[in-house]
Amino acid sequence: MFSLGTLVLTGLITLAIGCVVGIVIAPLLHPQEKQNRDLEQRLQKTEDKMANYQQEVSEHFAQTSQLVNSLTQSYKDVHEYLANSALKLTNPDISRQLLEAGKGNLITGDPNKVLDEANFEPPRDWAPREPGEKGMLSEEYGLEEDPENTEAATVNSVRG
């Protein structure tokens, strides 16, 4: 019937047409794969950006720490210079006060008395009160009602 060459040629042509149709139809049947690949690429780019940002933040805080340490050291150097200059140029009381201030102690008006946090008491901004009385910071302080004024105010409000 058909020669062997014709059958082989027909088979090859059919195979080629099938491959072309498969290549064209396959992406249409699986659109999710392309979306998945796109999402994976976007995720990878985002992860790379995040890693770069974290690295920049780490470098920023490391440099900030170095700068603060440098600033602190400069402050100490200036304070030591001033204290040493005060030793040379002023009386011993002022020199001692500068040295105490550098150690973190508070200096009072009395050069022989140094305050520290253990014996420091903040000022009281209220008046002491007797038990049962209202203190000066009470909302009702000084607003005692006079019985005569209360009656007059009631009569005036009724007439008005």
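Residue indices begin at 1 and follow the sequence shown. Predicted model only: the values in this text are computed from it and were never measured. Hydrogens, waters and symmetry mates play no part in the numbers below; they use all other heavy atoms, side chains included.
- Side chain of Thr46 to main chain of Arg42: a donor-acceptor pair is present (N/O by atom type, distance under 3.5 Å, no hydrogens or angles).
- Taking CG of Asn36 as the reference point, atom CG of Leu43 lies at 11.5 Å (rounded to 0.5 Å).
- Under the 3.5 Å distance criterion, with hydrogens and angles disregarded, a donor-acceptor pair is assigned to the side chains of Gln73 and Asp77.
- A side chain to side chain contact (heavy atoms under 4.5 Å, CB included) with Asp38 holds for exactly one of Gln35, Gln41, Glu40; it is Gln41.
- Using a 3.5 Å distance cut-off with no hydrogens or angles, the side chains of Gln63 and Glu59 do not pair a donor with an acceptor.
- Under the 4.5 Å side-chain heavy-atom criterion for grouping Ile, Leu, Val, Met, Phe, Trp and Tyr, Val21 is connected to Ile13 within one hydrophobic cluster.
- Remark: the Asn84 side chain and the Glu80 side chain contain no N/O donor-acceptor pair separated by less than 3.5 Å.
- Linking ILVMFWY residues whenever their side-chain heavy atoms come closer than 4.5 Å, directly or via other members, places Leu4 and Leu12 in the same cluster.
- One hydrophobic cluster, built from ILVMFWY side chains closer than 4.5 Å, cannot hold both Ile23 and Leu15; they sit in different ones.
- Put simply, the residue from Asn69, Val68, Leu67 that forms a side chain to side chain contact (heavy atoms under 4.5 Å, CB included) with Ser65 is Asn69.
- The side-chain heavy atoms of Lys34 and Arg37, taken from C-beta on, include a pair separated by under 4.5 Å.
- A distance of 14.0 Å separates CD of Gln66 from CZ of Phe61, quoted to the nearest 0.5 Å.
- A side-chain donor-acceptor contact under 3.5 Å links Ser58 to the backbone of Gln54.
- Atom CD of Glu47 has more than 12 neighbouring heavy atoms from other residues, nucleotides or ligands inside a 6.0 Å radius.
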